Each structure stands twice: as C-alpha cells, then as structure tokens.
Amino acid sequence: MAKMAASMVEGGEDAFRKIFKFYKRRNPPPDFSDVIDFSKRVPGDQVVPAAVDPGGVSDVEAARVGLQPVRDWRVFGLQGFPGFMFISNPFLPGSHPSWVRQCLKIYPRKPNVCNLDMHMSPSDTQDIWDKSVHGLIGPPSGKTQPKTLLDRLRWVTLGYHYNWDTKTYSANHHTPFPADLHSLSSRIASACGFPGFNAEAGILNYYRSDSSLGIHVDESELDHSRPLLSFSFGKSAIFLLGGTRRQDPPTAMYMHSGDVMVMSGQSRLLYHAVPRIVAAPQGSPASDGRGPASPLQQDGSAVEPLSEQDRDACSGYTHSSRVNVTVRQVLGPGQSFPETPSSHQRTDAEQTEGRHDRPAEGERGKRSRGRSSSCDSVDTAET
Ligand code: OGA
Ligand code: MN
C-alpha cells in the first residue's frame, strides 16, 4: 500500500468517497502505484486467474464479433470479489475501431436516446456523426473550433431506455436493442458461464479527459442473477470497485481499451465509480492511432465494414476520449414489468421538469449516478 493515507483504506464513513477524491485530484496528481493493471498479467495476492468455458463459444462465432478464440483470453478474478471477472482485451487486433464506430456513428442514432435529446429537437440530434466528423479528420485549422455534437455527447441508452429521474426501466420506453451488440454480449456471457444472457438495455458513457462517473450501484434491473457486462474503448480509466456499503474502501484498477468486465453474483450489486481518465499505455492501439485492418470486414461479421474515413475519425476520437458500454439484462426469463408504476415513479411532465436538476457529486445517495446539472451522466469538469 503506497502513499494513500492509512485512514483512507481502513474504511469508516464514506471511505469510497475519500478514495474517489484521491484519484480525481489534479494538483498534485495522485500516486497510481496501488492501481491494479490486469494487462501486466501478474496474478498476486489480489489478482487470481479465473476460468471461462472455451466450449461455450466457437472460434468462428467469436471472430464474427471481433473476439479472439476464448482459449486465448486472459481472464482474472479479484480476491474478495466473487462473481467479478476481468477479461484483458479479448478483441482481435484491429477490431476496436469497428466497435468504436458503432458507438459513435450508429448507436447515437434515433430511435436510441442521448443526453442531447434532453435540450434539442430530434431533427437537431438526427445525425450527430455526420454533423461532427469534420472535427475529427482533416488538417487542424489552427483555430479553436466550436464544440461539435459529438464533443457534447455524454450518454446514449439502448433497448429499455434507462430513465435517469425515476431510475427505472419501463415496458413502454423500449426500442430494438442493436443486434451486433446483442451478439457480442451473448458470446462474452456464454463464455463466462451465463448462456442465455439476453442483452435488453445498454448505457453508453462518453468520457473526455476530465470526465468522471460518480459512485453508484446498478440495481434498477429486475433480475440481478444476470451479469452486467462492461466494454471500454479509447483512453484508459481508473475504475473503483467497492463493497455493498459506502464505508467499504474500494479497489482501484485500470480499464484499458478493449477490456471487458463482468459483474455477477455477489459482485453484481457493488458500489463502483470512474474517478479519472488516464492516458492509454504506450504502444496500445488507443495511443498509436492506427492498427491492423479489421477482421470484422469478413463475410459473416456481425458488424458492417468500416470505411477509411470512419477509421480515421474513430482513431481521432479515441485518442482523447473513452467510450464505455454497459449491457444489462433487465428481466429474468418469463418476468415482466409490474403493472402499476411504483410510488416513486412520476408522470411524464414531472420527469421532463426533473431532468435538469441533478445532484452534485457527493450529494447523491445509493443508485444515483454522477451527472452534472445538464443531465450528463458523466461529469465533465468545466474549466
Ligand atoms: C455504468 C458504469 C463504468 C465505466 O455505466 O454504469 O459503471 O467504466 N460505467 O464507464
Ligand atoms: Mn455502473
């Protein structure tokens, strides 16, 4: 345990918040020597090898969604966190940009919902990518450019659209879940021992260098026996995984581009947060920009081919930003939403009002997520 004050790690009142602030601090920057780096692959006291089922997914099925054969995945668990699995970048070389393109160009499209819809008309948020791509390619103009819609994109919801105000999903706010992301999620879940996982809701978070995501638990899904999957691309992040109480001090780990996290079993309902975005490690595709051609260009691929221009634009974005996708199964087999809304659900009119009034970091309780007053899930320091 390096230079973190002993009082911080002993627990006590909101130990999570103290450690969150420790890693978020800019001046002086924190000591990162306690942060677990799964990419360095050294199982030790805390990091333990974890088993996946190579028979659960064929090599062809894996390749169609841009994944390496399951037997080649490097999968870890964490001592004291049963049900938590960390798969260190199981993607095939060159397949990240195809998934990044889906996250930037395809998933923000209607009928999916994004933070910009909260204060703009549907026609204005119609094609975020086409209206923004000029800012990611071509020679720098030398002048400071106005922020594009993509610069201002903070979250997108898929499938059952998460309602940030009531913290619920509902039967009547649902659009088709993207088939490619459904396939990717099924493959990962099968290999991790969850065959039949049904991706029903997704939240994408878009992080700039100064963004963070507040301390929260994801418990709005009605079936907690299903895992929560998390995929990250672009810049790296410090991820904090805590306990069932805010007094439990969290464990810090890096999430690099391509890393996949599975929160299941006893780790499904733990507090977690992203206090800081950090540079991608030297030599990684996210830091270098270009990589090999995408294996997802082949026949049978779940994802459509990637143009040169899209590839360049995606690499421009991931050079300075991070995208995280969490995929959730909301309902268990045969389960449906309760007939009557629970008492804390409000009318549509009230929800619209409430959307612009977010708790500030530190004020929120269990289940709320760090958002600024402009309804951004990810907090961005306005400097
Ligand atoms: C979430 C979440 C973590 C991350 O969206 O619920 O916890 O790594 N995301 O961005
Ligand atoms: Mn979460």
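For ligands, and for the atoms within them, numbers begin at 1 and follow the listed sequence. Keep in mind the model is a prediction, meaning the values are calculated, not measured.
By the side-chain contact (heavy atoms from CB on, under 4.5 Å) test, Asp180 pairs with Trp99, Gln102, Tyr107, Pro178, Ala302, Val303, sequence neighbours left out. Every residue two or more places apart in sequence or in another chain was checked for a ring pair (Phe, Tyr, Trp, His ring centres under 6.0 Å) with Phe81, and none qualifies.
Taking 4.0 Å as the cut-off, His216 counts as a neighbour of ligand 1 on heavy-atom distance.
A donor-acceptor pair under 3.5 Å is formed between the side chain of His216 and the backbone N or O of Gly214.
Short contacts between ligand 1 and Arg328, defined as distances under 4.0 Å to a heavy atom of the residue, involve ligand atoms 1 (C), 5 (O), 6 (O). Every atom of ligand 1 is numbered from 1 in the order shown, and the set under 4.0 Å from a heavy atom of His272 is 7 (O). Ligand-side atoms of ligand 1 in range of Asp218: 6 (O), range being under 4.0 angstrom from any heavy atom. If you number the atoms of ligand 1 from 1 as listed, the ones under 4.0 Å from a heavy atom of Leu213 come out as 1 (C), 2 (C), 3 (C), 7 (O), 9 (N). Close approach to Val274 involves these atoms of ligand 1, each under 4.0 Å from a residue heavy atom: 3 (C), 4 (C), 8 (O), 10 (O).
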(request) Might you work through the side chain to side chain donor-acceptor pair (under 3.5 Å) test for Ser209 and Lys235, ending with a clear yes or no? (result) CA-CA 8 Å; Ser209 302; Lys235 284 189 84 170; 3.2 Å; yes
(request) Run the numbers on Asp117 and Lys110 for salt bridge (charged side-chain N to carboxylate O under 4.0 Å, His left out), then give the verdict. (result) CA-CA 10 Å; Asp117 296 322; Lys110 303 282 164 288; 3.0 Å; yes
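Below 3.5 Å of separation, one finds no N or O of Ser230 facing any N or O of ligand 1.
With a heavy-atom cut-off of 4.0 Å, Arg322 touches ligand 1 through its side chain alone.
Asp151 and Thr148 share a side-chain donor-acceptor pair at under 3.5 Å. Ser257 and His96 share a donor-acceptor pair across their side chains, judged by distance under 3.5 Å alone.
Rounding to the nearest 10°, we obtain 90° for the angle at the Mn ion (ligand 2) between His272 NE2 and Asp218 OD2.
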